[in-house]
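Each remark here refers to the structure printed beneath this line.
Chain naming here is simple, since letters A, B, ... match the order of the sequence lines and numbering starts at 1 in each. Predicted, not measured: the structure shown is a model, and the values here were computed from it.
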2 protein chains.
Amino acid sequence: MTIYDIAKEAGVSASSVSRVINNKTGVNPEVRKKVQKLLKKYHYTPDAAARGLVSQSSRIIGILIADIRNIHHTDGAYYIERKLAALNYCCVILNTGDDDESRAQAISILEQRRVEGAVLIGSSFQTESVAQAIKRHLNNVPIVMINAFLDAPNIYGVLSDELHGVEACVNLLAEKGRKSLAFVRDCHTPSCELKVEGFRRGIRLLGQTEPWIYDSHGTTAADGKRATLEVLKDHPDVDGIIYSVDLIATGGIRALYDLGIAIPDQVSVIGVDNSIYGEICIPTLTSLDNKTFDSSIAACRILIDCLENRTTTRQMILPSAIVVRESTP
Amino acid sequence: MTIYDIAKEAGVSASSVSRVINNKTGVNPEVRKKVQKLLKKYHYTPDAAARGLVSQSSRIIGILIADIRNIHHTDGAYYIERKLAALNYCCVILNTGDDDESRAQAISILEQRRVEGAVLIGSSFQTESVAQAIKRHLNNVPIVMINAFLDAPNIYGVLSDELHGVEACVNLLAEKGRKSLAFVRDCHTPSCELKVEGFRRGIRLLGQTEPWIYDSHGTTAADGKRATLEVLKDHPDVDGIIYSVDLIATGGIRALYDLGIAIPDQVSVIGVDNSIYGEICIPTLTSLDNKTFDSSIAACRILIDCLENRTTTRQMILPSAIVVRESTP
DNA sequence: TTGTAGGCGTTATCAC
DNA sequence: GTGATAACGCCTACAA
């Protein structure tokens, strides 16, 4: 069903139908009524692609996420999709995985679809290869990165100050009298590096001779459990463990529970993300809120500002905040 | 950058450029080389909308989800997006929320985008209003519903046998000597009604005088906790509680923990979804695996079969299975 | 107020 | 092997 079909049945030209569809003035009321009736009768819906072709605007926004199953990123995607849908944009969500090639390919796909903007969620997009792909394929539409930043005229970034956040976690534990702290990291993204650096700084100021840093080699609870057992084996005197994400922290809690080590009496535990995982485990988990949701709101605002030709903030850093729960004294 | 720009610079016609782009035969090797060089030089990417217009195929698939933040649905969306992306389809994911109007609107948006198929994830789409909207707007493309079904020639469904699954949960508890069981439901979707019915049947066969059924009025852990306290107040002798989803079950575990009631010694707990939530709580949660992931695989296969004009299954029901963990004896 | 014509970027069908 | 030309569905001057 095209506007020509409608036009023919109404006995008018396609332009008149178009005018009715787009609520333009200068149409005989009778014609308008007749056309509207036919539009309704056939449940006519304009073809977005054809419209986009002539108007040179796709009203498509790309959302790139390493893995949509990661709830830490999904919250943001949800907010952004809802907000943009209300403005008549359609969101194409692509899971890119963690290799540079598929990230670049995803960016190329966004170009094919002629997206009017994109949001890249997660620090894993902060790589030279992504920067190149954006320069090649998406250099004239606004790109907003959440928890990452790349330097290009059309790239905007909303970051969370996880470095000082983790440093504050160390300080919190120190104030409570903890003396031997370990950090378990789950990956090697720029964001995770910042967390590690925050831990190092905190430890340095604290005077602990050496920062105990472990790698869980994965982001599941089981990975966190395994890494925790390693920590305990090497350092039976550890009295505080900070994990780079909540999920591996829950594995840590389980490991301690199995060994009969009391939380927080013997060992304090802190996670990062302030996710639902931290709320449902027992004891509930103290966590560094890195403001994903606020970041998404800010990112969305920046994107909309760009789409509507308003000047906006190029880069912003949101302070993180510790949410204290039962796993710390 | 269009094929005309490339053509002009190469000193050939647009048709030749098009032929090169699409790897068609019948192009002078020299011309091909020259054009390819230019395509690379300008990082040319074809406009998907223009292509779609002439080929009458958008290569867009719509995915409708009530709320992408619900991990239970995200797993499926991930699998489907990855699988279709590999086949060069682009997925538009829409969060519809839980009201009929916005579900219908989402379906209309899919029509505007001329999607070639759609996947509706979640039993909440099984409503008359969605059926109407599909009939109006999407009646000539395959629609696959996960954990739901509507009767129309272009609608396919993959369902999970949650009714017998919950009944089996009741039986499991009965075998372990549990005598006073309660069920906490989180919502009133068709899927949840089936779970309740499964519970009723189980109870009937068991001989418990009356099925204790409570409504958590929400799907958060806090809602589950509140409902559990209600159950315990009304029935202090309860010795087994089944929850319609894992997340509210974790709230139940917390409520019991706070009251010093031992799980599973005094009260057994079972959830539904076999989600990560059940793996990280203490004790770990026995859960009815309603095969979301398998459903998504099946749904995706059905959709691809349709897209590639193969005959396929109209409706299928997957058996659910209990995953026993620490919360049941 | 209305209709005609041209064009958006691409592909397919013809002649040449 | 190559290049006009006509679609695809829609919108927007411009002319009537």
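Counting only heavy atoms from C-beta outward, the side chains of Glu162(B) and Asn147(B) approach each other to under 4.5 Å.
In Arg32(B), the CZ atom is crowded: over 12 heavy atoms of neighbouring residues, nucleotides or ligands sit closer than 6.0 Å. Counting non-hydrogen atoms of neighbouring residues, nucleotides and ligands closer than 6.0 angstrom, the CD atom of Gln315(B) exceeds 12 such neighbours.
A close approach under 4.0 Å does occur between a side-chain nitrogen or oxygen of Lys24(A) and OP1 or OP2 of dT12(D). Considering only side-chain N and O atoms, Gln56(B) lies under 4.0 angstrom from the phosphate OP1 or OP2 of dG9(D).
Taking only side-chain atoms of Ser18(B), from C-beta outward, the nucleotide of dC11(D), dG9(C), dT11(C) with the closest atom is dT11(C).
Axis angle, first five pairs versus last five pairs of the helix from dT1(C)-dA16(D) to dC16(C)-dG1(D): 50°, rounded to 10°.
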Sugar-phosphate atoms are those with a prime plus P, OP1 and OP2; base atoms are the rest. Using that split, label each nucleotide of nucleotides 1-6 of chain C B, S or - for protein heavy atoms under 4.0 Å, 5' to 3'. SBBB--
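Rounded to an integer number of Å, the gap from CD1 of Ile21(A) to C1' of dT12(D) is 14 Å. Put simply, CD on Gln112(A) is 13 Å from C1' on dT10(C), counting in whole angstrom units. We find that CD1 of Ile3(A) is positioned 16 Å from P of dA7(D), with the value rounded to whole Å. We find that CE of Met1(A) is positioned 13 Å from C1' of dG9(D), with the value rounded to whole Å. Atom-to-atom, CD of Glu111(B) to P of dC10(D) comes out at 11 Å; the value is rounded to the nearest Å. As rounded to whole Å, 11 Å separates atom C1' of dA12(C) from atom CG of Asn22(B). Rounding to whole angstrom units, CG of residue Asp5(B) and P of dG9(C) are separated by 8 Å. Rounded to whole Å, the distance from CZ on Arg59(A) to P on dC10(D) is 18 Å.
When all heavy atoms are compared, the tightest approach of Ala66(A) to Asp98(A) is CB-OD1, 4.2 Å.
No donor-acceptor contact under 3.5 angstrom links the side chains of Asn290(B) and Ser160(B), judged on distance only.
Applying the side-chain contact (heavy atoms from CB on, under 4.5 Å) test between Ile80(A) and each of Ile146(A), Ile297(A), Ile61(A), Asp75(A) identifies Ile146(A) as the sole match.
Under the 4.0 Å criterion applied to side-chain N and carboxylate O atoms, Arg51(A) and Asp47(A) are not assigned as salt-bridge partners. Salt bridge annotation for Arg82(A)-Asp67(B): absent, with no cationic side-chain nitrogen under 4.0 angstrom from a carboxylate oxygen.
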Under 3.5 Å, which donor-acceptor pairs link side chains of residues 128-143 of chain B to any protein atom two or more places apart or in another chain?
from	atom 1	to	atom 2	distance (Å)
Glu128(B)	OE2	Gln132(B)	NE2	3.2
Ser129(B)	OG	Asp100(B)	OD1	3.3
His137(B)	ND1	Glu111(B)	OE1	2.7
Asn139(B)	ND2	Lys135(B)	O	3.4

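DNA chain C lies under 4.0 Å from at least one heavy atom of each of the following residues of residues 37-52 of chain B: Tyr44(B), Pro46(B), Asp47(B), Ala50(B), Arg51(B).
In this view, Tyr79(B) and Phe293(B) satisfy the ring-ring contact (aromatic ring centres under 6.0 Å, His included) rule, not counting sequence neighbours. When the ring-ring contact (aromatic ring centres under 6.0 Å, His included) test is applied to Tyr42(B), no partner is found at least two apart in sequence or on another chain.
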